[in-house]
2 protein chains.
Amino acid sequence: MAMVEYESSLTQTQIVSILRKHDVSSTQQRIEIARIVLSKHQHLSAEQILAMVNTETTKVSKATVYNTLGLFARQGLVRELVIDPNKIFYDSNVSGHHHFYNVDTGELTDISNSDVDVNMLPKAPDGSLIEGVDVIVRIRQASQT
Amino acid sequence: MAMVEYESSLTQTQIVSILRKHDVSSTQQRIEIARIVLSKHQHLSAEQILAMVNTETTKVSKATVYNTLGLFARQGLVRELVIDPNKIFYDSNVSGHHHFYNVDTGELTDISNSDVDVNMLPKAPDGSLIEGVDVIVRIRQASQT
DNA sequence: CTGCTTGCAAAGGCTTTGCAGAACA
DNA sequence: TGTTCTGCAAAGCCTTTGCAAGCAG
């Protein structure tokens, strides 16, 4: 009773397929982590993922969680969000979108890409090319007066 | 010989005045740090600032550099840039502008505010208000083929 | 003088690493 | 069976903190 509640339910087979598509070989632990991270679009810290994974059946060590998340990020399965000075957030939504960051609560909220219109005039300097654009809208609790 | 080369030269009096304007009382160390940080628009890590300050006459401890930069940020003298997972950059350019971030080199370059047109459609959720918008354009070395 | 500031070093939080045992193909 | 992966704990990096001595007004 009282089991996990994922929004989208990815089958083990689907997860394995996704991992393989990103050149990540499947292991029990990676599947568990992927299940948490990929099933739902949200922003989780390594610490949170560690906790969520270990609420479940399988126990995964801290080292493996960190290493796996780093691997996932390198392989493009998740996106690393660097917003908070002392925590990396992992976002399974790899497609272009942006974020509200509540500086008071540390809360992170999605902004749909279509809600932000960024007209980039400058081209990347030198011989560099644009890889992505992150827009972080820092918000703060409005004073209730 | 072989002295420092600051772009704009702020006099001690000017620095003191700026600090005071931001409710920061003046001390020898804060003035030294401010001289480095405020004289020129650039992106420096605490580590770099520590090194630059201690190249000079006055020696400032690591703790004081970190604490002072935190203080400066809180008082609006500088802006903390959270872009690199394991380093905070301090930007003396407090006015609205954005950044190129070269993921290969870690290099940070300014984008003038006028070069980016962000049309923010979504309003901040709840009773929150927008404090600022950070746009980070991740760039990467173009493959020379 | 009285309080704020500095500095040293130790502590702290997050993440990475080394290496032996375990799991996978 | 060979290779890759996991896990534990220790190490590492950046930053913060505690507390005594020092400087500012």
Side-chain angles (χ1 to χ4, degrees), chain A residues 12-13 15-17 19-20 22-37 43-54 56-75 77-78 80-90 106 108, chain B residues 12-13 15-17 19-20 22-37 43-54 56-75 77-78 80-90 106 108:
Chain A
Q12 185 122 339
T13 312
I15 293 173
V16 171
S17 169
L19 293 183
R20 173 156 285 158
H22 288 264
D23 290 309
V24 175
S25 56
S26 295
T27 67
Q28 192 61 50
Q29 291 85 341
R30 290 177 181 175
I31 290 171
E32 285 306 319
I33 295 170
R35 194 195 303 285
I36 298 286
V37 170
H43 319 93
L44 299 171
S45 64
E47 184 194 17
Q48 291 177 302
I49 295 169
L50 176 65
M52 292 176 73
V53 168
N54 289 328
E56 318 283 318
T57 343
T58 315
K59 295 238 168 262
V60 183
S61 75
K62 181 189 279 195
T64 299
V65 169
Y66 276 97
N67 289 332
T68 300
L69 290 172
L71 174 66
F72 282 7
R74 273 196 306 283
Q75 300 304 117
L77 271 160
V78 298
E80 283 186 347
L81 299 181
V82 182
I83 297 178
D84 188 298
N86 42 288
K87 221 176 299 184
I88 298 177
F89 283 98
Y90 291 90
L108 215 45
Chain B
Q12 184 121 340
T13 312
I15 294 173
V16 171
S17 168
L19 293 182
R20 173 156 287 159
H22 289 265
D23 291 310
V24 175
S25 55
S26 295
T27 67
Q28 192 60 49
Q29 291 85 339
R30 290 178 181 173
I31 290 172
E32 287 305 320
I33 295 170
R35 194 194 306 282
I36 298 286
V37 169
H43 318 94
L44 299 170
S45 65
E47 186 193 15
Q48 291 176 303
I49 295 169
L50 176 65
M52 292 176 74
V53 167
N54 288 328
E56 318 283 317
T57 340
T58 314
K59 294 233 167 267
V60 183
S61 75
K62 179 189 280 194
T64 298
V65 169
Y66 276 97
N67 289 332
T68 300
L69 290 172
L71 174 66
F72 282 6
R74 273 196 307 283
Q75 299 304 119
L77 270 159
V78 298
E80 282 185 346
L81 298 181
V82 182
I83 296 178
D84 188 298
N86 41 286
K87 222 175 297 180
I88 298 177
F89 283 99
Y90 291 91
L108 216 44

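The chains referred to below are lettered A, B, ... by the order of the sequence lines, with proteins before strands, and numbering in each begins at 1. Here the structure is a predicted model, which means the values were calculated and not measured. What you see below is based on every heavy atom in this structure, not just the backbone, and it leaves out hydrogens, waters and symmetry mates.
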In whole Å, I'd like the distance from the CG atom of Leu19(A) to the C1' atom of dC5(D). 14 Å

When rounded to whole Å, the CG to C1' distance for the pair Asn54(B) and dC8(C) reads 14 Å

Who passes side-chain contact (heavy atoms from CB on, under 4.5 Å) against Leu50(A), sequence neighbours left out? Asn54(A), Lys62(A), Val65(A)

Counting primed atoms, P, OP1 and OP2 as sugar-phosphate and everything else as base, the B/S/- map of nucleotides 8-25 of chain D against protein heavy atoms under 4.0 Å is BB----SBBB--------

Protein-nucleotide distance (Phe89(A), atom CZ; dC14(C), atom C1'), rounded to Å: 12 Å

Only counting residues at least two apart or in another chain, list the ones meeting side-chain hydrogen bond (donor to acceptor under 3.5 Å, both in side chains) with Glu47(A). none

What pairs with Gln12(B) under side-chain hydrogen bond (donor to acceptor under 3.5 Å, both in side chains), at least two apart in sequence or on another chain? Arg35(B)

side-chain contact (heavy atoms from CB on, under 4.5 Å) involving Asp23(A) - partner list, sequence neighbours excluded: Gln75(A)

From the options dG7(D), dT6(C), dT4(D), select the nucleotide whose nearest atom is closest to the side chain of Ser25(A). dT4(D)

How sharply is the helix from dC1(C)-dG25(D) to dA25(C)-dT1(D) bent, taking the axes over five pairs at either end and rounding to 10 degrees? 30°

List the residues meeting side-chain hydrogen bond (donor to acceptor under 3.5 Å, both in side chains) with Ser25(A), not counting sequence neighbours, and say none if there are none. Arg30(A)

Expected list for residues 66-73 of chain A: side-chain donor-acceptor pairs under 3.5 angstrom, two or more places apart:
residue  : atom : partner  : partner atom : Å
Asn67(A) : ND2  : Ala63(A) : O            : 3.1
Thr68(A) : OG1  : Thr64(A) : O            : 2.6

Protein-nucleotide distance (Gln48(A), atom CD; dT15(C), atom P), rounded to Å: 11 Å

Contacts of Ser26(A) meeting side-chain hydrogen bond (donor to acceptor under 3.5 Å, both in side chains) (sequence neighbours excluded), chain-then-number -> none

